[in-house]
Structures are given as structure tokens and as C-alpha cells.
K.L.:
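Okay, handing you the structure first.
To find a chain, count down the sequence lines: A is the first, B the second, and so on, and within it residues start at 1. Quick note: numbers below take in every heavy atom, side chains included, and nothing from hydrogens, waters or symmetry partners.
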Number of protein chains: 2
Amino acid sequence: MSDTPASIMLVDDHPLLRKGLKQLISLEDGLEVVAECSNGVDALAKAEELDPDLIILDLNMQGMDGLETLKRMRDNGVTSRIVMLTVSDADEDVVTAITNGADGYLLKDMDPELLLDQIQRAIEGKMVLSEAITEVLATALRRPSAPTASKLDGLTNREREILELIAKGMSNKVIARELDISDGTVKVHVKHLLKKLGLRSRVEAAVWMVNQDQ
Amino acid sequence: MSDTPASIMLVDDHPLLRKGLKQLISLEDGLEVVAECSNGVDALAKAEELDPDLIILDLNMQGMDGLETLKRMRDNGVTSRIVMLTVSDADEDVVTAITNGADGYLLKDMDPELLLDQIQRAIEGKMVLSEAITEVLATALRRPSAPTASKLDGLTNREREILELIAKGMSNKVIARELDISDGTVKVHVKHLLKKLGLRSRVEAAVWMVNQDQ
DNA sequence: CGCAAACTAACCCTTTTGGGGTAGTTTCAG
DNA sequence: CTGAAACTACCCCAAAAGGGTTAGTTTGCG
């Protein structure tokens with residue numbers, strides 16, 4: 001062990017969870033939480049400013065989500081080890097996270113003691129993955145590239161965004177106002193996303209999407 | 001204040017969140033966490049055994065969810081005050097929770113200090129609701145439509161049948177062939193069912209329906 | 001730098017959708 | 001028996017959706 005404690009930054013929009021995590025970490029010698037952020041934007045700034053040893057990053061956040069935050073951090077040259085922390089089930093996001101430079105992917109519902117172990121291991125430079133996750137990753141790697149992460153990945157950000165709005169029942173006009181673009185443009189995106197997904201109408205798209213995220 | 005501390009039971013399948021909550025509560029005089037459960041089944045047994053003053057119940061749990069647990073507790077004669085705790089946004093579940101006997105509905109992402117206040121108020125016998133929730137409840141009560149009876153019951157058999165096909169993404173023409181009636185007739189049924197459900201398009205209907213049967 | 005992709009927007013056109021109406025048949029409760 | 005409701009089907013019409021094209025701007029990559 002080194003003489004100075006390892007610095008850890010927490011990014012999660014749930015104050016309670018941050019509190020729990022911080023308290024858990026404080027129990028351990030050699031670990032110190034040097035910053036807490038509740039959103040991606042703050043996290044970006046803090047990460048560059050403090051350059052912590054480890055960043056624990058929530059995947060599901062309001063505004064800029066964890067994956068986006070991760071990507072931007074790496075783009076900005078942040079070299080801290082970054083571990084994604086996420087609720088519940090084995091997401092397909094794990095592949096995206098790893099390819100975008102995450103050093104680990106842990107589930108929030110794991111045993112606290114085990115979580116602490118994993119945090120230690122992450123700081124030591126190892127890649128840490130929850131049990132349930134390793135399988136997902138394994139099967140993902142077994143299939144070299146494509147079929148893993150659903151047809152959603154074939155869509156551009158805008159298309160995915162619009163698909164989500166369609167899945168809320170919105171019309172092109174409403175979506176246009178929501179995104180502040182013309183409804184003609186929305187139609188273009190809808191057209192493209194339908195073609196990419198092999199669907200024939202926005203209704204099919206809505207149903208598909210709603211069933212997609214259970 | 002009474003002389004013995006108020007007993008609190010935590011039910012949540014996230015150990016971390018339980019930890020954070022427990023730590024938060026321990027800071028407060030007069031409050032004591034007497035039990036923690038990670039699932040609904042355990043919670044049912046513990047609740048009857050310990051009869052705590054307050055049960056804090058996670059809405060989103062694996063297995064038996066919070067609402068089901070709540071209902072069964074009340075069915076079993078548990079008289080503890082029960083406050084639902086849930087992630088993020090203003091669900092419509094709040095109505096179900098309240099009608100099923102919940103004494104409060106709080107969001108996990110609220111400020112910890114405020115949460116503590118609310119817990120105190122709940123123990124004092126008050127109903128506690130997060131800011132965002134009061135609105136939902138208000139609008140829900142403003143429409144005394146049908147608490148449980150679902151708007152589906154207002155539809156005729158044919159309309160319900162067609163709604164289900166819409167929820168599979170089918171167009172009027174396809175539905176017509178499926179049911180062996182003219183597409184003009186399908187349009188009539190769609191028209192009626194949209195009106196009855198207060199929706200503005202088949203997309204909204206599809207989304208509503210898919211979300212309806214989980 | 002040059003090129004590809006994404007995003008934007010407009011044009012054209014056909015099909016689909018949804019709202020209004022009338023109207024015939026059947027079925028079922030009062 | 002009478003009447004209401006459901007189901008059927010058509011009419012008209014305006015709006016929305018979707019498919020095709022062209023085209024300008026920006027962004028990122030080699």
C-alpha cells in the first residue's frame with residue numbers, strides 16, 4: 001500500500017446512494033472520497049481539476065448520462081480509472097462502457113463488502129466486473145461485433161432520440177417543437193430509422209421500442 | 001418526543017441504498033433501524049414479527065415488488081406506517097400505493113436532510129409526499145375516472161380487440177384483413193376507442209396499451 | 001486538406017390516419 | 001315490443017405520415 005490514500009470521486013445523481021457509498025469507502029483505510037458530483041457536467045470539470053485515482057460513475061443519470069460522461073472524460077484526456085456503477089440487471093451498455101474506456105462495470109445491488117473489494121482492485125489497476133456482467137461481456141465477445149447490442153446501435157444519436165419520443169406517442173410536429181427543428185427534418189429522421197430497423201410505421205417503431213426497454 | 005426511539009424497518013434490494021439510509025437515520029436521535037430486508041417475502045415476515053413504527057418500502061424490487069408487498073402487508077393486518085420510496089420520476093403508481101394503504105411516497109433523489117424530515121413527519125402520523133408527487137396525486141384525484149378499473153373496461157369487445165392489434169403495430173388495413181371486416185369499419189372503431197381513452201393517435205394508443213400489460 | 005457521415009431543410013407525391021356524418025343489422029335488457 | 005348499444009359500412013375532408021429527391025452546413029477522421 002502507498003503512504004497517501006487513494007483519491008476517489010463519486011458521480012451519481014442520488015444523494016442517498018452517494019452517502020452510502022461514501023460511508024462505505026470511509027470505513028476502509030487507504031481510500032478517500034475527494035469529490036462528489038450529482039451530474040455529468042460537474043463531473044467533467046472536477047475530474048480534470050482533481051485527477052483522482054478512481055472515478056465511480058453512475059450509468060443512469062438525468063441530463064448527460066454515464067456513458068456520455070465517460071466518453072467526454074476520455075476525450076478530454078482524463079486518465080483516472082473509471083468504474084461504472086449501475087442499477088440492477090445486466091445491461092448491454094457494458095460493451096459500450098468498456099469500449100469507451102471504462103475500467104469496470106459494477107452493479108449497485110452487489111454486496112457492500114464485495115463492492116469495497118472491487119473498488120480496491122480497481123485502484124490496483126485491475127478491471128472489475130460484477131458476476132452477472134462477466135457473462136454478458138463473454139457472450140458479447142464471443143460474437144465479434146454486430147448482433148450484441150441490438151439494432152439500436154445502428155442508429156445515429158438523433159435517430160435514437162426521435163425514436164424515444166415516438167415511443168412516448170409523440171407526432172412529428174410535437175417532436176419537432178421538442179427538439180427545436182422543423183417537422184420536415186423529423187420526418188427525414190423517422191424515415192431513416194424505420195429503414196434501419198426494418199419497420200414499416202411509427203406505430204411498429206413505438207411498440208418495438210417500448211418492448212425494448214421492458 | 002417519546003422516551004423509546006421509533007423503530008424503523010428498511011426494505012430495499014439495494015444494499016448500498018439501505019446502508020446510506022440507515023446511516024442517515026442513525027444520525028437522528030429518536031430513530032432506530034430495527035430491521036433491513038432485501039425483498040418482499042422477508043419483509044412480510046419481519047413486519048408481522050416486529051411491528052415497527054415505520055416501514056420504508058422500495059417500490060422497484062426484484063421478485064415481489066413494493067406495491068405487491070404493501071398490499072399483502074395490509075392484507076395481513078400490518079398497521080405500521082408505510083412509506084414508499086422510489087427512484088426518479090413521478091410514477092402513476094402513487095395512486096395505487098396510496099389506495100393500497102401507503103402513508104407516504106418519497107423519491108430517492110430528494111435531499112437527505114429533507115428525507116429525514118419527511119421520515120420524522122411520517123412517524124408523527126402525517127402523510128408525506130415528495131414535491132413532484134403531490135402534483136401527480138392532485139391531477140389523479142381531479143379525475144375520479146376509475147382508480148383501479150382501468151379505462152380498458154369502457155371499451156367494447158371489438159374496440160379492445162382492435163386496440164390490441166394496434167399495440168402490435170398493425171395498420172387499419174392489416175387489422176381489417178385480420179378481423180375480416182372493411183378497413184373503413186376499423187377506422188370507426190379506432191376513432192371511438194381513441195375518444196374513449198382520451199388519446200390523440202394510434203401511436204399513443206399503442207404505447208399506452210403496451211405499457212398497460214407491462 | 002479532402003471525404004464521409006450526420007444533421008438540417010426543402011420539394012414532390014401517395015397513402016394513412018382521424019374526425020364528422022348517415023345508416024343498416026343484430027343483440028340484449030327493460 | 002321498444003330502445004339502446006354494438007357492429008358493420010359507407011360518405012367527405014383535412015391532417016399526418018412516409019417515400020423519394022436534392023442540398024447546405026457541420027463534425028470528425030484519415
Side-chain angles (χ1 to χ4, degrees), chain A residues 44 64 67-68 70-77 96 99-101 145-146 149 151-210, chain B residues 149 151-210:
Chain A
L44 275 176
M64 194 193 306
L67 288 177
E68 183 65 22
L70 168 66
K71 191 169 173 351
R72 295 219 199 165
M73 279 182 180
R74 290 311 189 202
D75 284 350
N76 290 1
T96 317
T99 54
N100 280 358
S145 55
K151 291 181 264 188
L152 262 182
D153 293 358
L155 303 184
T156 67
N157 290 332
R158 207 47 155 175
E159 287 162 356
R160 216 173 301 121
E161 192 173 10
I162 287 179
L163 177 55
E164 273 159 22
L165 297 179
I166 288 179
K168 287 184 179 173
M170 295 183 187
S171 70
N172 289 338
K173 205 174 287 182
V174 174
I175 293 175
R177 274 199 294 273
E178 176 81 16
L179 300 181
D180 204 34
I181 56 180
S182 87
D183 58 337
T185 300
V186 176
K187 286 174 62 172
V188 174
H189 291 306
V190 172
K191 200 186 310 182
H192 290 161
L193 105 231
L194 286 179
K195 189 156 207 169
K196 286 184 182 176
L197 295 176
L199 301 173
R200 277 168 305 266
S201 74
R202 67 197 298 103
V203 188
E204 284 189 14
V207 173
W208 182 83
M209 189 61 191
V210 173
Chain B
K151 291 181 263 188
L152 262 182
D153 296 354
L155 303 184
T156 67
N157 291 331
R158 207 46 154 175
E159 286 161 356
R160 214 172 304 122
E161 192 173 10
I162 287 179
L163 177 55
E164 274 160 20
L165 297 180
I166 288 179
K168 287 183 180 174
M170 296 184 187
S171 71
N172 289 338
K173 204 173 287 182
V174 174
I175 293 175
R177 273 200 293 272
E178 178 80 17
L179 299 181
D180 205 33
I181 55 180
S182 87
D183 57 336
T185 300
V186 176
K187 284 175 61 173
V188 174
H189 290 307
V190 172
K191 196 188 312 182
H192 289 161
L193 105 232
L194 286 179
K195 190 157 207 168
K196 286 183 183 176
L197 296 177
L199 301 174
R200 280 170 304 273
S201 74
R202 67 198 295 106
V203 187
E204 285 188 14
V207 173
W208 182 83
M209 189 62 192
V210 173

K.L.:
Could you tell me the separation between the NZ atom of A/K196 and the P atom of D/dG19, rounded to a whole number of Å?
P.N.:
14 Å

K.L.:
Roughly, in whole Å, what's the span from CG in A/L179 to P in C/dT8?
P.N.:
8 Å

K.L.:
C/dT8 phosphate, OP1 or OP2: any side-chain N/O from A/R158 under 4.0 angstrom?
P.N.:
yes

K.L.:
Hey, which sits more toward the 5' end of DNA chain D by its nearest nucleotide, A/V203 or B/D183?
P.N.:
B/D183

K.L.:
Just checking B/V188: base, sugar-phosphate only, or nothing, at a heavy-atom cut-off of under 4.0 Å?
P.N.:
base

K.L.:
Counting N and O atoms only, with roles assigned by atom type, does the side chain of A/E204 sit under 3.5 Å from a partner on the main chain of A/R200, one being a donor and the other an acceptor?
P.N.:
yes

K.L.:
Does A/R202 use its side chain to pair, donor to acceptor, with the backbone of A/M170 at less than 3.5 Å?
P.N.:
yes

K.L.:
Atom NE2 in B/H189, atom CD1 in B/I166: separation rounded to 0.5 Å?
P.N.:
11.0 Å

K.L.:
Can a side chain N or O of B/K173 be found less than 4.0 Å away from OP1 or OP2 on C/dT16?
P.N.:
yes

K.L.:
Distance check: side-chain N/O of A/T156 vs OP1/OP2 of C/dC7, anything under 4.0 Å?
P.N.:
yes

K.L.:
Under 4.0 Å from OP1 or OP2 of D/dA9: is there any side-chain N or O of B/T185 that close?
P.N.:
yes

K.L.:
Are A/R158 and A/E161 close enough for a salt bridge, meaning some N to O gap below 4.0 Å?
P.N.:
yes

K.L.:
Measure from the side chain of A/I181, starting at C-beta and using heavy atoms only, and say which of C/dT17, D/dC10, C/dT8 lies closest.
P.N.:
C/dT8

K.L.:
Taking NZ from A/K187 and C1' from D/dA16, how many angstroms apart are they, rounded to a whole number?
P.N.:
8 Å

K.L.:
Would you tell me if any nitrogen or oxygen in the side chain of A/K191 comes within less than 4.0 Å of OP1 or OP2 on C/dT8?
P.N.:
no

K.L.:
Could you state the atom-to-atom distance from CD1 of A/I175 to P of C/dC7 in whole Å?
P.N.:
15 Å

K.L.:
Of the options D/dC10, C/dA9, C/dC7, whose atoms approach the side-chain atoms of A/N157 most closely?
P.N.:
C/dC7

K.L.:
Whole angstroms only, please: what is the NZ-P distance between A/K195 and D/dG18?
P.N.:
14 Å

K.L.:
Between A/L165 and A/L179, is any pair of side-chain heavy atoms under 4.5 Å apart?
P.N.:
yes

K.L.:
Rounding to an integer number of Å, can you tell me how far A/R160 CZ sits from C/dA6 P?
P.N.:
11 Å

K.L.:
I want to confirm an ordering. Mapping A/L194 and B/H192 to their closest nucleotides on DNA chain D, which one lands closer to the 5' end?
P.N.:
B/H192

K.L.:
Would you say B/S201 reaches D/dA16's phosphate, i.e. side-chain N/O to OP1/OP2 under 4.0 Å?
P.N.:
no

K.L.:
Can a side chain N or O of B/H189 be found less than 4.0 Å away from OP1 or OP2 on D/dT8?
P.N.:
yes

K.L.:
To the nearest 0.5 Å, how far apart are NZ in A/K187 and CD1 in A/I162?
P.N.:
13.0 Å

K.L.:
Check this one for me: any side-chain N or O of A/N172 less than 4.0 Å away from OP1 or OP2 of D/dA17?
P.N.:
yes

K.L.:
Between A/R200 and D/dG18, is there a side-chain N or O to OP1/OP2 distance below 4.0 Å?
P.N.:
no

K.L.:
Within this structure, what is the CG-to-P distance between A/L193 and D/dG19, rounded to whole angstrom?
P.N.:
11 Å

K.L.:
Figure out the CD1/P separation between A/I162 and C/dA9, and round it to whole Å.
P.N.:
11 Å

